[in-house]
Amino acid sequence: FKINYILINYLFIYIYKMSAFTEEDPDIYPEETVEILPVPSGGEDWDGAQNAKDTAMEAKANGNYETAVEFFTKAMELGSVSAITLANRADCLLKLRRPLAAMADCDEALKLNPDSAKALRCRGTVARHLGRWVQANKDLSQAQTIDFNPDTEELRIFVNKKAVIIQAEENKARIEQEEKEKEILREKVRKQREEIKKQREEEEREEKERAEREANMGGMPGGMPGGMPGGMPGGMPGGMPGGMGGDGMQQMLMQLLMSDPELSAGLKNPKIMKAFSGIMGGGGPDSASAQEALKDPEVKAFMDKFQQKLGPLMGAMGGGMPGGMPGGMPGGMPGGMPGGMPGGMPGGFGGMPGGMPGGFGGMDNDDDNNNTPNVEEVD
């Protein structure tokens, strides 16, 4: 139905265009170059003004339009300036093919009386001779509404055909322009939505990556079951009596492991993780299983790095604690490391028999040639 309506509308416009612009068009008057007559300021010689007006009307009736213009002007100079007198002078100026002067008089007349049918009719006629079809149609239609004149109706119908076509074309152009503006707005909104969507996806991706990083740094899942059973046998005489509680050691080791990118990455390697758990929970670095595991270059590099990181820590505790820590770590590290390594480190650290003499073998933190003692050098 909508398509049919549009087709009918275009057909209607086409028929109007054909009927309007194929008719014989009246002459279009050229715009004059002579000076437009000014509007007189008026006077108080009412009798003289009336006599001049009578003379002007007689000259107009006889087709003597030059004389009529002269005496209409004189009447307004002697008496009052009225919309009727200006419209009469405009009518005569149009007959003399001076459309711009006639249009000016009509404009002044309608300032004095906007409902002057004579001034509207005259201005509509002037607009028609200037080819201003929309204005002509408007003025003539309004004049006919105020004071219908059968002689004017034919002219109104003529200019209406022209005006309808022009207005239809203007409306079409306006609608097309509005559609273009709407399309530009729609495209702008679409791009904004895409940018918002892209930004949200980027934020979600970053949040997911952050959550994954936090999850990976969240400890060793499953903890070290049972903590460090039996603590470090023999304790560390002369050092931390009564042992070191599980929470403090747990925090210390986690900070040690996670603060170093290489150690943190190594804990994500299943092979290194398994070897590390075996070394720390299966008799210490001197055990046969530990020595076997350390034959793997990756495992050895990890443990060397671990010892290197642990050395300064033990040095800060007094350059090593000879003889171990008295009383060890009673009960080990209770509860292990919550959320830590998958499957935990069975049996906790399992204690390190004989403690860590001299603080993990009294590891020297000398940086000379990077001579940090590795696992094999620990007594």
Side-chain angles (χ1 to χ4, degrees), residues 1-33 36 83 86-88 90-191:
F1 175 77
K2 183 177 181 181
I3 296 176
N4 291 338
Y5 174 78
I6 294 173
L7 291 175
I8 292 171
N9 186 46
Y10 277 111
L11 181 61
F12 174 76
I13 294 172
Y14 175 76
I15 293 172
Y16 247 72
K17 184 182 291 187
M18 293 300 294
S19 62
F21 289 104
T22 54
E23 293 179 9
E24 184 179 353
D25 196 7
D27 293 337
I28 300 297
Y29 296 168
E31 297 180 0
E32 73 270 27
T33 57
I36 295 175
L86 283 168
N88 277 318
D91 194 24
C92 295
L93 288 168
L94 183 61
K95 295 293 194 297
L96 294 171
R97 291 184 175 246
R98 296 180 60 185
L100 296 182
M103 181 70 75
D105 275 359
C106 290
D107 289 341
E108 292 297 326
L110 289 168
K111 289 179 183 178
L112 297 173
N113 181 10
D115 295 327
S116 173
K118 186 174 183 64
L120 285 167
R121 188 175 291 113
C122 181
R123 190 170 71 173
T125 305
V126 173
R128 171 258 205 181
H129 285 293
L130 288 172
R132 301 176 186 177
W133 305 110
V134 175
Q135 182 184 358
N137 183 55
K138 180 181 177 181
D139 286 343
L140 291 173
S141 297
Q142 188 175 351
Q144 291 294 82
T145 301
I146 296 171
D147 181 20
F148 185 80
N149 185 332
D151 296 335
T152 305
E153 186 62 13
E154 183 178 355
L155 176 60
R156 187 198 67 79
I157 293 172
F158 175 79
V159 300
N160 178 260
K161 291 180 180 180
K162 306 278 190 181
V164 166
I165 295 170
I166 293 172
Q167 288 174 329
E169 293 293 335
E170 289 176 351
N171 289 339
K172 179 182 176 183
R174 176 180 56 80
I175 292 172
E176 289 177 352
Q177 181 62 30
E178 289 176 354
E179 286 299 321
K180 289 180 181 179
E181 292 174 356
K182 289 179 181 178
E183 181 60 30
I184 292 173
L185 181 59
R186 284 193 290 266
E187 181 65 16
K188 183 178 179 181
V189 171
R190 185 186 66 79
K191 288 183 177 179

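Between the side chain of Gln135 and the backbone N or O of Gly124 there is no donor-acceptor pair closer than 3.5 Å. Without hydrogens or angle criteria, Asn171 side chain to Gln167 main chain gives a donor-acceptor distance under 3.5 Å. The closest donor-acceptor contact from the side chain of Glu32 to the backbone of Leu100 lies under 3.5 Å.
The minimum heavy-atom distance between Leu120 and Ala143, with the atom names listed, is CB-CB, 3.8 Å. When every heavy atom of Ala109 is checked against every heavy atom of Ala87, the shortest pair comes out as CB-N, 4.4 Å. Closest approach of Val126 and Ala102 over heavy atoms only: CG2-CB, 3.8 Å. Considering every non-hydrogen atom in both Leu112 and Ala83, the closest pair reads CD1-N, 4.0 Å.
We find that Glu183 and Arg186 are joined by a salt bridge, their nearest charged nitrogen and carboxylate oxygen being less than 4.0 Å apart. For the pair Glu170 and Arg174, the salt-bridge criterion is not met [side-chain N within less than 4.0 Å of a carboxylate O].
The distance from the CD atom of Glu153 to the CG atom of Leu140 is 9.5 Å, given to the nearest 0.5 Å. Note that the CG atom of Leu130 and the CE atom of Met103 stand 5.5 Å from one another [nearest 0.5 Å]. The distance from atom CG of Asn149 to atom CZ of Arg156, rounded to the nearest 0.5 Å, is 12.5 Å. For the atom pair NZ (Lys111) and SG (Cys106), the distance works out to 12.5 Å, reported to the nearest 0.5 Å. Interatomic distance, Ser141 OG to Ile146 CD1, rounded to the nearest 0.5 Å: 11.0 Å. To the nearest 0.5 Å, atom CD of residue Glu108 and atom CG of residue Leu86 are 7.0 Å apart.
Side-chain contact between Thr152 and Gln144: present, with at least one pair of heavy atoms (C-beta onward) separated by less than 4.5 Å.
Pairs of residues two or more places apart, or lying in two chains, that qualify as salt bridge (Lys or Arg N to Asp or Glu O under 4.0 Å) and include a residue from residues 133-149 are Arg123-Asp139.
Heavy-atom contacts from other residues, nucleotides or ligands closer than 6.0 Å to CD of Glu154 number 12 or fewer.
With sequence neighbours excluded, no residue forms a side-chain hydrogen bond (donor to acceptor under 3.5 Å, both in side chains) with Glu31.
Ring orientation note: the planes of His129 and Tyr29 are close to parallel, at an angle under 30° on the 30°/60° scale.
Screening Asn160, Val164, Ile166 against Trp133 for a side chain to side chain contact (heavy atoms under 4.5 Å, CB included) leaves a single residue, Ile166.
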